[in-house]
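Take a look at the structure below.
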Amino acid sequence: MSLRVALVDHASAHDRLRALAAALPGDWIVLDGLSPAEVIEQAEVGGLDAVVCGADPGPMDGATLLQRVQQVHPEALRILALPAGIDPRLGERLAAHPAVQQVLPAPYEAAAVRAAARRLLMVRSLLRDAALRAELGRVDRLPGSPATYLGLRMVMADDGADLEEAVVALKRDPALAARVLRMANSALYTRGRPINSLDQAVARLGLQTILQLVLAGEVFARLPGAEAVRAETLGLRAAQLAARIAPTPREAALAGSAAVLADLGALLPGSVLNAPPYPGELWQGAPRVALLGAGLMALWGLPVEMVEAVAYHHHPGRLPGRGLDVVGTLHLARALVGAIELDAAWVEEAGLAPRLGGWRELAASLPA
């Protein structure tokens, strides 16, 4: 697997990434010392497979540069390298940007970059697979993309975004706003305190929870029936638990939103959904419904880490470089609310067994 990888950071901090370059596979072509403008130029002509970018390469921050790369070459892997000692609030804001696909914390480890690249290429190959695309093509009435959710993600990525701006964006769709407010008043969120307005819902529950409610509201409103109601309820319970399990706010946000859609494939009409998965590394033994749901999410333009999590969370140990990341968090959250079987061998291998009891208690405390 030969890749062309650009490493870009501010001159004062670039030595840290240069040390990473020496540990990357020998068949990778590493473009070191490019300016942000040169990185964008290379991306425009499709000359990059991956960009590893520091937090402040100048004249723009790292998330903004990765957004520019996304705009001109969406298929490039986009990794944000966060240095030691960065202000935690700044690090969280940069990491939460929709253009950032992977976060590489200091000390920068080549193994993490190799694993991220391998996983991205596997997901990319999966979504290009002719058999999967043909099966999606045979499904009648595919739901449309969750436009309000995608718009709110961009609002939240803006440095100057605030709660009022999110409320204004949500009010543009009155039916969705009413559905979100109704869900916000369920026992899972209110804890006995009624929420009387969208402003109050956003202020009390926080933007990430509102984002998950918007996603559920947009998608499940188009999938009527008892199974859709059950999937929505189970997904929101798993999302609540994921927020408590995830190691960082970024993983919590991605795993929570993935939990909302984890059963999406099972709700698509069509007899193909009951067929077994294909063999081979690309499929990793994942249920066909999970792969189809992930394929639809990719068509919608949802973050690749959410797509990967929905596709492969049933067996997190089968993927390279797995720990308590988005896939692992989604697996635990779904297993502990009774949606899937717990992969006990992976829990042991990942060193998470001592924490399992506490997570079970959290799951049991969630309102039904």
Side-chain angles (χ1 to χ4, degrees), residues 1-87 90-125 127-128 153-154 156-160 250 298 301 303-305 308 321:
M1 179 180 67
S2 178
L3 298 178
R4 289 174 59 85
V5 182
L7 305 179
V8 56
D9 204 348
H10 194 277
S12 63
H14 194 67
D15 285 348
R16 304 187 190 105
L17 284 186
R18 188 167 287 120
L20 169 68
L24 292 175
D27 61 343
W28 287 20
I29 300 171
V30 179
L31 305 178
D32 188 19
L34 296 180
S35 70
E38 290 169 330
V39 168
I40 294 169
E41 289 175 5
Q42 286 286 327
E44 283 178 332
V45 297
L48 297 174
D49 295 300
V51 177
V52 182
C53 179
D56 184 23
M60 63 194 81
D61 64 39
T64 302
L65 176 57
L66 294 179
Q67 183 181 35
R68 296 285 301 279
V69 170
Q70 179 188 31
Q71 290 168 346
V72 298
H73 187 32
E75 291 197 346
L77 172 61
R78 302 178 298 276
I79 299 176
L80 178 70
L82 293 180
I86 188 171
D87 180 271
L90 174 61
E92 288 180 13
R93 180 182 65 77
L94 293 174
H97 195 287
V100 176
Q101 291 179 309
Q102 301 281 339
V103 174
L104 183 67
Y108 308 141
E109 296 181 358
V113 178
R114 289 196 301 270
R118 184 180 172 194
R119 294 199 305 268
L120 180 81
L121 291 174
M122 187 163 65
V123 172
R124 185 186 296 170
S125 298
L127 300 176
R128 289 176 174 172
R153 274 181 57 84
M154 295 308 299
M156 291 171 61
D158 188 342
D159 287 352
R250 181 173 186 274
V304 69
E305 285 172 291
E308 178 190 38

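Just so it is clear, the model here is predicted, and its values are computed rather than measured. The first residue of the sequence shown is numbered 1, and numbering continues consecutively from there.
- Minimum heavy-atom separation, Gln101 to Ala76: OE1-O, 3.3 Å.
- Looking at every heavy atom in both residues, Gly91 comes nearest to Leu82 through O-CD1, 4.0 Å.
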| said: Evaluate Trp28 against Val113 for side-chain contact (heavy atoms from CB on, under 4.5 Å), listing each step before the verdict. | reply: CA-CA 12 Å; Trp28 287 20; Val113 178; 3.9 Å; yes
| task | Mind running side-chain contact (heavy atoms from CB on, under 4.5 Å) on Asp61 and Arg93 for me, showing each step along the way? | result | CA-CA 11 Å; Asp61 64 39; Arg93 180 182 65 77; 3.9 Å; yes
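- For the pair Leu24/Leu3, no side-chain contact is recorded, criterion being any heavy-atom separation below 4.5 Å from C-beta on.
- Taken from CG in Asp9 to OH in Tyr108, the straight-line distance is 6.0 Å, to the nearest 0.5 Å.
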Which pairs would a plain distance check flag for residues 42-55, meaning a side-chain donor or acceptor within less than 3.5 Å of a matching protein atom at least two apart in sequence or in another chain?
from	atom 1	to	atom 2	distance (Å)
Asp49	OD2	Arg4	N	2.8

For residues 29-38, run the donor-acceptor check on the side chains, cut-off 3.5 Å, and write out each pair with its distance to 0.1 Å, sequence neighbours left out.
from	atom 1	to	atom 2	distance (Å)
Asp32	OD1	His14	NE2	2.3
Asp32	OD2	Arg18	NE	2.9
Ser35	OG	Glu38	N	3.1
Ser35	OG	Glu38	OE1	3.3
Glu38	OE1	Ser35	N	2.8

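- Arg68 is linked by a salt bridge (Lys or Arg N to Asp or Glu O under 4.0 Å) to nothing, counting only residues two or more places apart in sequence or in another chain.
- Between Ala99 and Ala63, the closest heavy-atom pair is CB-O, 4.3 Å.
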| task | Start with the C-alpha distance between Leu20 and Leu104, add both sets of side-chain angles, then the distance that settles side-chain contact (heavy atoms from CB on, under 4.5 Å), and finish with yes or no. | result | CA-CA 11 Å; Leu20 169 68; Leu104 183 67; 4.0 Å; yes
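- Distance check, rounded to the nearest 0.5 Å: NE2 of His97 to CD of Glu92 gives 15.5 Å.
- Separation of atoms CD (Gln102) and CZ (Arg250) is listed at 6.5 Å; rounding is to 0.5 Å.
- Atoms CD1 and NE2, from Ile40 and His73 in turn, are 13.5 Å apart once rounded to the nearest 0.5 Å.
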